[in-house]
Amino acid sequence: MSSNDTSVLIAGGSLVGLTTAVFLAHHGIDCTLVERHPSTSVHPRAVGYYPRTAEILRQVGLEGPALAEAAGFETHKTRAGVTSLAGEVLFSKEELEGGDSLEDLTPSRLVLLPQDRLEPLLRAKAEELGARLHFGTELLSFTEDPDGVTARLRNSAGGTRTLRSRYLVGCDGPRSGVREALKVERKGRGVLSRHVSIAFGAELAPVLRERRYSVVHVKNPQVMGILVHDDTLTGGTLIVSYRPEEGESPADFTDERCVELVSAAIGSPDLAVTIRSCFPWDMAEQVATRFVHGRVLLAGDAAHVIPPTGGYGANTGMADAHNLAWKLALVVRGLAGPALLETYHTERHPIGGYVARQGSLQLALRSGTATEEQRAEAADALTVTMGQCYPFGAFVPEPGVSVDGPLAVDPRILSGEPGSRAPHVVLGHHGVPVSTLTLYGRGFVLLAGESGGAWTAAATGAAERAGVRLDAYRIAAEPGGAAGMLADPDGAWAGLHGVSDAGAVLVRPDGFVAWRSQDGVAAGCHAAELDGVLGALLAR
């Protein structure tokens with residue numbers, strides 16, 4: 001039995017674990033990931049990634065590769081109800097209404113790509129950035145002490161070893177062994193229904209003809225379920241339910257039974273069908289009571305299980321990883337106090353509960369069982385994914401703002417409030433148009449108005465004293481090509497960020513607003529103000 005060291009150990013190498021590894025390595029943190037399966041997912045699972053998730057991928061150079069891999073899905077933007085692929089269309093609508101008209105909000109867009117094809121991109125990026133990934137390796141147990149975590153691992157050959165880390169992140173799914181070892185309870189409506197996802201191969205082009213769908217709701221006398229086809233038209237996934245209370249179990253889904261169900265869903269009984277895999281899972285609404293337990297943190301399905309109606313689960317888990325990574329990086333480097341990690345819980349726990357509830361509401365809406373109260377409570381996907389507002393956490397709240405406010409609002413009514421996603425504005429940089437979102441991802445970013453030169457001057461010293469990266473820019477109508485200046489000829493930046501010409505906004509590495517001064521401060525006070533803000537953010 002040997003012993004090795006790493007700063008952060010990640011348990012679970014699916015979508016959220018890989019995203020955590022990517023962003024930790026992106027921030028220069030030594031991390032090790034273990035996953036008991038031999039490789040990335042062989043099952044399509046999650047398919048849709050909202051524009052906010054694409055923005056996250058953009059920060060590490062993965063938005064372009066993901067879009068390239070998803071190119072074959074570009075026409076698959078409708079959701080339909082059919083008796084079968086070869087049968088009558090019962091309804092058809094846009095999967096993300098308004099999804100192609102978001103230029104005012106984001107430079108990114110919806111990405112339709114099965115999880116089994118996104119995970120290899122994340123894996124390659126994590127390895128490129130220096131993360132150590134060990135597939136075929138299982139976390140058997142761990143013990144936590146004031147200085148770190150000691151984990152016991154077993155590889156596929158049966159060999160065991162211990163590994164010492166400063167922190168452990170449990171990304172090991174809805175049946176998380178990490179969460180169970182911590183005895184962290186979950187609350188919510190629990191398991192709502194049980195399902196199997198059947199991945200299959202079949203030549204679908206003759207059946208689909210010119211039609212293309214991102215999601216198909218199939219209902220006929222033989223089968224009722226959800227069907228997704230891939231961009232090659234040579235396969236897809238059928239999701240059907242089973243009822244344990246009636247004696248049904250995953251064992252009932254033999255290859256022969258799966259072929260029957262897929263054939264009925266396609267509506268072409270003579271079509272050759274092969275079964276690639278059958279994956280049982282529970283539709284549930286469950287949220288862990290704690291996302292942070294000393295030096296152990298939970299993310300993704302280990303922290304919250306979200307009904308997949310609406311496609312929020314994968315997107316929320318990746319946002320967890322994005323929120324956590326920069327905080328872990330600063331704490332591991334000794335630049336922030338451990339209390340910064342507590343803000344991972346205070347920010348993401350309310351959001352986890354909110355999004356899980358929204359998933360249940362979407363289920364009620366799409367099944368036709370929603371009450372008037374549920375219809376009023378349900379939010380659109382744009383609000384749920386891009387309009388999130390943290391009630392408190394790693395930001396400096398403004399006077400008079402209630403922590404009991406909404407957890408998400410229409411992003412078009414947000415204007416740079418601390419605790420919300422920083423707005424997208426197209427500015428000019430040396431004559432080249434750039435989105436403000438492209439500035440975020442490495443360290444803190446300070447944006448100041450045309451009369452805010454004192455802010456940018458003070459930022460350099462404040463960053464040096466805090467030991468953190470802080471890039472500062474002044475925004476003017478005609479900057480004249482000066483260093484650290486961005487052009488805003490339309491004068492849109494200040495209004496969208498809720499500041500005057502003398503104001504400033506500080507944005508976190510994850511693109512959320514950390515602080516703003518709407519109208520500036522008295523002369524000579526800029527450095528002291530920024531020192532105080534950074535001290536508060538870094539929990540020193």
Side-chain angles (χ1 to χ4, degrees), residues 5-10 20 23-31 142-150 164-170 182 184 288-299 303 319-351 390-398 401 403 418-419 440-446 458-471 505-516 527-540:
D5 294 320
T6 189
S7 293
V8 180
L9 172 63
I10 303 163
T20 304
F23 278 97
L24 283 172
H26 170 70
H27 290 298
I29 298 302
D30 167 57
C31 62
F142 64 90
T143 56
E144 181 187 358
D145 59 62
D147 298 318
V149 178
T150 301
R164 180 74 176 167
S165 64
R166 294 181 61 182
Y167 292 93
L168 168 64
V169 184
L182 295 172
V184 174
T289 55
R290 289 289 301 169
F291 289 9
V292 178
H293 188 285
R295 289 182 173 268
V296 184
L297 308 103
L298 303 175
D320 290 343
H322 191 225
N323 180 289
L324 177 59
W326 71 270
K327 297 174 179 179
L328 261 176
L330 289 173
V331 173
V332 165
R333 287 202 182 101
L335 299 174
L340 178 60
L341 292 181
E342 283 295 326
T343 69
Y344 170 66
H345 172 82
T346 58
E347 291 181 351
R348 297 305 298 171
H349 183 263
I351 292 297
Y390 297 139
F392 45 88
F395 59 91
V396 179
E398 294 178 325
V401 177
V403 297
Y440 312 140
R442 287 288 184 184
F444 293 96
V445 174
L446 182 110
T460 301
E464 289 177 355
R465 289 186 290 275
V468 298
R469 175 171 175 170
L470 198 169
D471 299 324
V505 174
L506 185 67
V507 181
R508 307 183 330 187
D510 62 353
F512 270 64
V513 178
W515 160 91
R516 72 176 172 183
E529 178 75 8
L530 290 180
D531 285 342
V533 167
L534 288 175
L537 294 176
L538 300 174
R540 292 185 171 176

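Basis for what follows: all heavy atoms, side chains included, without hydrogens, waters or symmetry-related copies. Numbering starts at 1 and runs along the sequence shown.
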For the residue pair Cys31 and Ala25, what are the closest heavy atoms and their distance?
SG-N, 4.4 Å
Let me confirm one number: the CD1-CG distance from Ile351 to Asp320, rounded to the nearest 0.5 Å.
10.0 Å
From CH2 (Trp326) to OH (Tyr440), nearest 0.5 Å:
14.0 Å
Candidate pair Val149 and Leu9, rule side chain to side chain contact (heavy atoms under 4.5 Å, CB included), full reasoning:
CA-CA 9 Å; Val149 178; Leu9 172 63; 5.8 Å; no
Hey, are the side chains of Ile10 and Leu24 touching, using non-hydrogen atoms and a 4.5 Å cut-off?
yes
Indicate yes or no: at least one non-hydrogen side-chain atom of Asp30 is less than 4.5 angstrom from one of Val332.
no
Taking His345 for its side chain and Phe291 for its backbone only, find out whether a donor-acceptor pair lies under 3.5 Å.
yes
Donor-acceptor contact below 3.5 Å, side chain Arg469 vs main chain Val445
no
Nearest 0.5 Å, what's the NE2-CZ distance between His349 and Arg290?
8.0 Å
Val169 versus Ala299, closest heavy-atom pair with distance
CG1-CB, 4.4 Å
What is the minimum heavy-atom distance between Ala539 and Ala339, and which atoms define it?
CB-CB, 3.8 Å
Heavy-atom donor-acceptor pair, Arg295 side chain to Leu168 backbone, under 3.5 Å:
no
On a heavy-atom basis, which atom in Ala288 and which in Leu298 lie closest, and how many Å separate them?
CB-CD1, 4.3 Å
Evaluate the side-chain proximity of Leu341 to Tyr167: yes if any heavy-atom separation is below 4.5 Å, no if none is.
yes
Within the 3.5 Å criterion, strictly below it, is a donor on Ser7 or Arg166 matched to an acceptor on the partner's side chain?
no
Testing the 3.5 Å rule here: is there a donor-acceptor pair between the side chains of Tyr390 and Arg348?
yes
Nearest 0.5 Å please: distance from the CG atom of Leu537 over to the CH2 atom of Trp515.
10.0 Å
Set out, in order, the CA-CA distance, both residues' side-chain angles and the distance that settles side chain to side chain contact (heavy atoms under 4.5 Å, CB included) for Tyr344 and Asn323, then state yes or no.
CA-CA 7 Å; Tyr344 170 66; Asn323 180 289; 3.4 Å; yes
Rounded to the nearest 0.5 Å, what separates atom CZ in Phe444 from atom CZ in Arg508?
8.0 Å
Could you tell me which non-hydrogen atom of Ala325 sits nearest to which non-hydrogen atom of Phe23, and how far apart they are?
CB-CB, 3.5 Å
Atom of Pro338, atom of Val331 and distance for their closest heavy-atom approach:
CA-CG1, 4.3 Å
From CG (Leu446) to CG (Asp471), nearest 0.5 Å
10.0 Å
With Arg540 via side chain to side chain contact (heavy atoms under 4.5 Å, CB included) - residues at least two apart:
Leu335, Ala466, Leu538
Are Leu182 and Val296 side-chain neighbours, meaning at least one heavy-atom pair lies under 4.5 Å?
yes
With a 4.5 Å heavy-atom cut-off, do Val396 and Pro418 have their side chains touching?
no
Kindly write out the residues that satisfy side chain to side chain contact (heavy atoms under 4.5 Å, CB included) with Ala462, not counting sequence neighbours, or none if the list is empty.
Arg465, Leu530, Asp531, Leu534
My understanding is that only residues two or more places apart in sequence, or in another chain, count here; which of them pass side chain to side chain contact (heavy atoms under 4.5 Å, CB included) with Ala329?
His27, Ile29, Arg333
So, are Asp147 and Arg164 salt-bridged, with charged N and O less than 4.0 Å apart?
no
